[in-house]
**Q** 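Here you go, one structure.
These numbers were taken from a predicted model, which means no experiment stands behind them.
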There are 2 protein chains.
Amino acid sequence: MSLSIKDIARLSGVSTATVSRTLSAPEKVTRQTREQVMQVVEEHGYRVNSMARNLRRQRADSVLALVPDLGNPFFSAIFAGIQDRLSQAGVDLLVADNRSLHPSGRSVLSQLRDARADGLICLDGGFSDEARRELAASGMENRVVFACEWPMAGGFPSVRSDNREGMRLAIDYLAGLGHRCIAYCAGPAGNVLNIERRAGAQEALAAHGLTLPDSRVFEGDFSLQAGEKAAQVFVEMAERPTAVICASDQLAMGLIHGLSKHGIHAPRDVSVMGFDDIITSAYFLPALTTIRQNRLGLGVEAATVLLDLIDGKSVPRDHVVTLPVSLQIRASTAVPR
Amino acid sequence: MSLSIKDIARLSGVSTATVSRTLSAPEKVTRQTREQVMQVVEEHGYRVNSMARNLRRQRADSVLALVPDLGNPFFSAIFAGIQDRLSQAGVDLLVADNRSLHPSGRSVLSQLRDARADGLICLDGGFSDEARRELAASGMENRVVFACEWPMAGGFPSVRSDNREGMRLAIDYLAGLGHRCIAYCAGPAGNVLNIERRAGAQEALAAHGLTLPDSRVFEGDFSLQAGEKAAQVFVEMAERPTAVICASDQLAMGLIHGLSKHGIHAPRDVSVMGFDDIITSAYFLPALTTIRQNRLGLGVEAATVLLDLIDGKSVPRDHVVTLPVSLQIRASTAVPR
DNA sequence: TGCAGTGCTGTAAAGGTTTACATTTTTTCT
DNA sequence: AGAAAAAATGTAAACCTTTACAGCACTGCA
């Protein structure tokens, strides 16, 4: 149905090699030949068949982004960043959900092995040993970069926000407002971001002579629901904190929502801060004071590192790109009563 | 570096054809041969090279999802639905942003032509004539399905929510509450969803003997910012509506946020409804009364139709799958004062 | 025993490129 | 003008599978 390079060669009276060169290295071909070939190409709307090209070049011209949950809107900005960068390089973006298996029962990671993707951007720090083995078996361990999250054990380049610094900004700000009794509304226990942020908060509190006892940590995950549950714990506390710093904006929103049901309002009764600066934060009521992560930038940087890796540029095994975060002061925080 | 089917054939003492059959049609091979081959396969961790397979089979085993803006979190649930369905069929999901061009300057649609994808799920109803031509040139017009949005001119199968019915539910509910003066906060002027929803609202209002004069329509787009701008218009109205139905949840949130700056609060002073039921709606303050779209379902159905199309099953050119919507009554609406 | 039918397996031809190497043409230099 | 160097082009192999077709070894049947 569709024309092949052979047809174009025949039609323009040159060899397939010349057609190929005209298309991918025009400078290697006489101007005259080039024009001759290009005319036929355009006339017939010829496009190289990328499957054949990829087979020959041993390159898929696409990379895989693996997320813990495709349905989580948090990732969309990161995808946008990845795609921005990749499209400049003519590379496609394949996305997959870490939970979904191929019908064969094999993990999505096997796609790398199948030569479907040239590399992997992993947005899920919860990286099982099995996944690591599979990666090793694929000979692709050196074409992986983690974005946003990263595996605790290390061993891969990673692009991340400066989570500790973010918490320092948050705590400094709250402490500056006069808060002395600050709680932490936590993300998932094993999650590296949660661990990092909690540690950051603790460090920053210590710098102000304050502490973060376990009793002032609300365990949960990053979700709205967990925030709402935390509200329940909050109201039952003997000595209520005057401020809560949350591990995510969704937690903060859930918390504020939950507290309001008990007649406790932010920032009047308690200051609440989020982390992430997701799109709705600025429009929440009260608008959320939060730490802004550059999610687009995370995507762009991760893609950049991966493209380098694919190009064979050497990137240290534990290379870390850390992106700055910033404090967004809005309406959910105030001086303590 | 990595083993090919030839190596496996040699190592297990059979021909490449037999290895291929063992892997893709095991029933065509003796049990003994099968075991013999599989042992070698597993021992060496052999995986077929999908580029070679795809070249030979003339199939990419992947589909492209095209969105107007990858960064818009609205789409994530749809992606999740698409991927769920595709992964069952062993098909990969490629995503692309309609705005981004390949370095060659060609539109992403040319990927179809390049044989990189077997079909297209388009989430962007704003389908230019040029895009349509490019699609026609690729011989892929019959492997396209629209999800969520669809092109006004028709001509492609489409999966969508029952937008009119959604507006009927909304208006019936507001009218039942006693509202007589209802405004519409609009999405982008040319957008098919906006047009459909506005028409739906108008119809439903008429059924209650009410009207929607242009003066009571706030023009905008689907964004939070547009909602906030609408608030400005609202406060300057001579006769203020008692309720506003918005074309999206983000509009509703922006509107409520904007109004609150003028001391106008939902639902006390005005009832505000959204459309979509995005993830944060239930946790907004006030929790948003809205029309729920089954975004995951949209993705699943769209993928299903596309897979049928790819399998060569006949799907009428203008086949439409309409998914039901539902009314979510929450806290942003009340009887008029 | 001969023959048709059945079930496995092997051979080799696609599938559409890219590219190393060989060959031809053009340019440059003396 | 002629040789050497450089540039353009052509030939054919390689990339790794799948699959049509042919061949072979059986089985069952007359």
**Q** Roughly how many Å is it from CZ in B:Arg59 to P in C:dG16, rounded to a whole number?
**A**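 From B:Arg59 CZ to C:dG16 P: 17 Å.
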
**Q** Does the pair B:Arg59/B:Asp311 count as a salt bridge with the N-to-O cut at 4.0 Å?
**A**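 Result for this pair is yes, salt bridge flagged.
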
**Q** Can you measure A:Arg57 atom CZ to C:dA20 atom P for me and round it to whole angstrom units?
**A**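 Distance, rounded to whole Å: 12 Å.
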
**Q** Between protein and nucleic acid, restricted to nucleotides 5-9 of chain C and to nitrogen or oxygen atoms under 3.5 Å apart, what atom pairs and distances do you find?
**A**
unit_1: C:dC8; atom_1: O3'; unit_2: B:Thr30; atom_2: OG1; d: 2.7
unit_1: C:dT9; atom_1: OP1; unit_2: B:Thr30; atom_2: OG1; d: 2.9
unit_1: C:dT9; atom_1: OP1; unit_2: B:Thr33; atom_2: OG1; d: 2.4
unit_1: C:dT9; atom_1: OP2; unit_2: B:Thr30; atom_2: N; d: 3.2
unit_1: C:dT9; atom_1: OP2; unit_2: B:Thr30; atom_2: OG1; d: 3.4

**Q** Look at the side chain of A:Arg132 and the backbone N and O of A:Phe127, then say whether any donor-acceptor pair between them is shorter than 3.5 Å.
**A**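 Flag not set: sc A:Arg132 to bb A:Phe127 has no pair under 3.5 Å.
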
**Q** Between P on C:dT17 and CZ on A:Arg47, what's the gap in Å once rounded to a whole number?
**A**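 The distance from CZ of A:Arg47 to P of C:dT17 comes to 13 Å, rounded to the nearest Å.
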
**Q** Rounding to a whole Å, what distance do you find between A:Asn54:CG and C:dG15:C1'?
**A**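 Taking atom C1' of C:dG15 as the reference, CG of A:Asn54 is at 14 Å.
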
**Q** Could you list the donor-acceptor pairs under 3.5 angstrom formed by side chains in residues 16-27 of chain A, with sequence neighbours left out?
**A**
unit_1: A:Thr18; atom_1: OG1; unit_2: A:Ser15; atom_2: OG; d: 3.4
unit_1: A:Thr22; atom_1: OG1; unit_2: A:Thr18; atom_2: O; d: 2.6
unit_1: A:Ser24; atom_1: OG; unit_2: A:Ser20; atom_2: O; d: 2.9

**Q** Looking at C:dA14, I'd like to know if its phosphate oxygens (OP1 or OP2) sit under 4.0 Å from a side-chain N or O belonging to B:Gln58.
**A**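 Checking C:dA14 against B:Gln58, no side-chain N or O comes under 4.0 Å of OP1 or OP2.
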
**Q** Rounded at 0.5 Å granularity, tell me how far OG in A:Ser76 sits from CZ in B:Phe75.
**A**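 Spacing of OG (A:Ser76) from CZ (B:Phe75) equals 10.0 Å.
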
**Q** Of all the heavy-atom pairs spanning B:Leu70 and A:Phe79, show the shortest one and how long it is.
**A**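 The pair with the smallest heavy-atom distance is CD1-O, 3.8 Å.
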
**Q** Mind listing the side-chain donor-acceptor pairs of residues 143-150 of chain B below 3.5 Å, one per line with the distance, residues two or more places apart or on another chain?
**A**
unit_1: B:Arg143; atom_1: NH1; unit_2: B:Asp118; atom_2: O; d: 3.2
unit_1: B:Glu149; atom_1: OE1; unit_2: B:Gly125; atom_2: N; d: 2.8
unit_1: B:Glu149; atom_1: OE2; unit_2: B:Asn191; atom_2: ND2; d: 2.9

**Q** Looking only at side-chain N and O atoms, does B:Arg56 come under 4.0 Å of OP1 or OP2 in C:dA14?
**A**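 So the side chain of B:Arg56 is outside the cut-off, no N or O lying under 4.0 Å from OP1 or OP2 of C:dA14.
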
**Q** Heavy-atom count check: over 12 atoms from other residues, nucleotides or ligands less than 6.0 Å from B:Glu35 CD?
**A**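 Check passes, neighbour count above 12.
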
**Q** Can you tell me if B:Arg160 and B:Thr322 form a side-chain donor-acceptor pair at under 3.5 Å?
**A**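 There is no such pair (donor and acceptor under 3.5 Å, judged by atom type) between the side chains of B:Arg160 and B:Thr322.
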
**Q** Closer to the 5' end of DNA chain D via nearest nucleotide, is it B:Ala17 or B:Ala52?
**A**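 So the residue in question is B:Ala52.
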
**Q** In whole angstrom, what separates A:Arg31's CZ from C:dT26's P?
**A**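 Rounded to the whole Å, the gap is 16 Å.
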
**Q** What pairs with B:Ser62 under side chain to side chain donor-acceptor pair (under 3.5 Å), at least two apart in sequence or on another chain?
**A**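 For B:Ser62, no residue satisfies side chain to side chain donor-acceptor pair (under 3.5 Å) once neighbours in sequence are set aside.
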
**Q** Is the backbone of B:Ser4 close enough, under 3.5 Å, to the side chain of B:Asp7 for a donor and an acceptor to pair up by distance?
**A**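 Confirmed, B:Asp7 side chain pairs with B:Ser4 backbone.
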
**Q** Can you name the closest pair of heavy atoms from A:Ile310 and A:Gly119 and give their distance?
**A**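 Here A:Ile310 and A:Gly119 meet closest at CD1-N, 4.3 Å.
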
**Q** Between which nucleotides of DNA chain D, read 5' to 3', does contact with chain B run, using atoms under 4.0 Å from its heavy atoms?
**A**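 Going 5' to 3' along DNA chain D, contacts run D:dC16 to D:dT19.
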
**Q** What's the angle between the local helix axes at either end of the helix from C:dT1-D:dA30 to C:dT30-D:dA1, using five pairs per end and rounding to 10 degrees?
**A**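 About 40° separates the two local helix axes.
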
**Q** In whole angstrom, give the distance that lies between atom CZ of B:Arg53 and atom P of C:dG16.
**A**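 Rounded to the whole Å, the gap is 18 Å.
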
**Q** Specify the separation, in whole Å, of atom CE of B:Met51 and atom C1' of C:dT18.
**A**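 So the two atoms are 13 Å apart, to the nearest Å.
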
